[in-house]
Amino acid sequence: MHGFSRLGGGANTQSPPPSPRLRRKKSGSAGGGIFANGVDSYELQNFMERIVYVVISAVYRRRGVLLFAPLLYISGMLLYMGTLGFDVVVINKIGNKSGPPGSVYRSNQVFKRLWPHMEAENSNGTSYVSLSNVWNPKLRQGWKPCVHQITSQSELPSSNGFLIIEANGGLNQQRLSICDAVAVAGLLNATLVIPYFHLNSVWRDSSKFADIFDEEFFIYALRNHVNVVRALPEDILQRFDNNISNIINLRVKGWSSSTYYLQKVLPKLLELGAVRIAPFSNRLAHAVPSNVQALRCLANFEALRFSEKIRTLAAKMVDRMVKNSTSSGGKYISVHLRFEEDMVAFSCCIYDGGEEEQHEMDIARERSWRGKFRKRGRIIKPGAIRMDGKCPLTPLEVGMMLRGMGFDNNTSVYIAAGKIYKAEKYMAPLKQMFPRLETKDTLASAEELAPFEGHSSRLAALDYTVCLYSEVFITTQGGNFPHFLIGHRRYLNEGHAKTVKPDKRKLALLFDNPRIRWENFKRPLRDMLHHNDIKGCEIRKASGSLYTYPIPDCMCKQADSKNENSNITQHT
């Protein structure tokens, strides 16, 4: 028999997202049109096709080896498509070595050619866009935050037991675990113990829940929907010899449905009085009943707020960015720049650092992932990774993209990032294009940042807040940080993300042509900006994440939300 569950129902289990491993791009998908960069790649394809044809023709002339023809054909095609791992080098008409269009880092050459044109356009005052009109107000649909899907309760039913979860990863992966844990606790009518944080080998942050989030407010905001306690009661702990590790750890598979929790987890909860799920990241499906989704909305957008120390400094930083942006009406751009050493190493992309860069990246990969990239049979093709839009953008590329979109050198830009790889070298051109550039280290004093040093999640919380209130947010590499931030910005901006998520496959081709004209460079970038404006308001699909697409689960049309009563915001 199952215990009482306030949030019944179920949903199909969702598949986990694809691994970050390299997915080989199909032949011909590199693009064309204004992005095409010569005919070398097409000549290569025709040449390889002729070789395969000649080999097969020769085989068919000899009937004795006719049975080997299919094998030879398949081998030839594997070689042609690149599966066997041979890096084909094309010699262009000038005699320089190059790969297929978009496969080589040439951004510094493109910048050298285009910089005089950027300067001339800035001097003439002919920039395309200002922060006051970058987003078209006609595209907004009047969505407002609402939590009316959750029915207020004066008294919660008797708890079925205690749920203990361990949140792993960085700041926003922890956030994901916390919000999903609230939803599962509501589904099972369990009492949630304030989540523990796993000490991640990459992030190396020993912060506890209360160091990052406002624990008291979290408990208060959920009081009518989920019971939350700071620790297990003594009588429950005594059942397990005062050791939480003795509590059974249920190995819940990724993206489990609500039905799975009701059928598999709830009986154990009733039997034992307490269960653990560690790790808990990505353990609840995207598609769950609306009442479970509502708890996710409540937890993420209303109950979770940063601790007082983080909020205080973050508010000062936002205020300073506004004051520094007087030339643009107090509005600024924020960029999530993923060009830290570990990110560059993990991507396996090649930039312009030669053998020194390769040596440093090999050391970084071995330090953090021990043999992962040296497994037998693993083929790493940096050129294909770049063509597929998987390489982290350099600061130089971010700057060229923004200038191409029409933002001039008076634009205030905030960079949210960890320790940039070879910052002195790579940040210089971005500062050259945008002199009004700020980071945590320039916006806050060393004394203000001292309590946060060595705690990557707390530093990330400062970045998160400054990005949240920017007029434009640029995401460059994906991950949990933009995943949550884009949704949060939609929640605060009438459903519009006010975010630029660039098409990096197109960018790879655009940055590949050192002879490109300024007009041909900026036209596709301004089209890209317009496309992001149109896609700013999106309704969540069945397979989409509520944390990125809060419409319609967490928001409703302005006309429908006039009578919305929110007891949450009154306790600030």
Practice prompt. Please state whether the rings of F213 and F197 are parallel, tilted or perpendicular, taking 30° and 60° as the class boundaries.
Written response: perpendicular
Worksheet entry | Ion pair R276/E166, N-O distance below 4.0 Å | no
Worksheet entry | disulfide bond (SG atoms under 2.5 Å apart) against C348, all qualifying residues, sequence neighbours excluded | none
Discussion item. Closer than 4.0 angstrom, basic N to acidic O: yes or no for E538 and R490?
Written reply: yes
Worksheet item: Which class fits the ring pair Y491 and H488: parallel under 30°, tilted 30 to 60°, perpendicular over 60°?
Response: perpendicular
Fill in: Cationic N near anionic O, under 4.0 Å, D319 to K323
yes
Item to complete: Taking the two cysteines C554 and C146, decide whether their SG atoms are closer than 2.5 angstrom.
Response: no
Practice prompt. In plain terms, say whether E366 and R374 are close enough for a salt bridge, that is, a side-chain N and a carboxylate O under 4.0 Å apart.
Written response: yes
Worksheet item: Can you tell me if D463 and Y414 form a side-chain donor-acceptor pair at under 3.5 Å?
Response: yes
Discussion item. Side chains of D441 and T439: any donor to acceptor distance under 3.5 Å?
Written reply: no
Fill in: Polar contact flag, side-chain donor to acceptor under 3.5 angstrom, H286-S543
no
Item to complete: Check the angle between the aromatic planes of F209 and F218 and answer parallel, tilted or perpendicular using the 30° and 60° thresholds.
Response: tilted
Practice prompt. Identify whether the distance between the nearest side-chain nitrogen and carboxylate oxygen of E340 and R338 falls below 4.0 Å.
Written response: yes
Worksheet item: Cut-off 3.5 Å, side chains only: do T548 and H483 have a donor facing an acceptor?
Response: yes
Practice prompt. State whether a side-chain donor-acceptor pair under 3.5 Å links S207 with R458.
Written response: yes
Practice prompt. Take the angle between the ring planes of W135 and H496 and call it parallel below 30°, perpendicular above 60°, tilted in between.
Written response: tilted
Worksheet item: Checking N243 side chain against S245 main chain: does a donor-acceptor pair fall under 3.5 Å?
Response: yes
Discussion item. Could you check whether N324 and E438, counting side-chain N and O atoms only, form a donor-acceptor pair closer than 3.5 Å?
Written reply: yes
Worksheet item: Between Q477 and K390, do the side chains contain an N or O donor and an N or O acceptor separated by less than 3.5 Å?
Response: no
Discussion item. Can you tell me how far apart CD1 (I385) and CD1 (I380) are? Round to the nearest 0.5 Å.
Written reply: 7.0 Å
Response to the item:
Test salt bridge (Lys or Arg N to Asp or Glu O under 4.0 Å), reference E341, set K419, R365, R367, output is R367
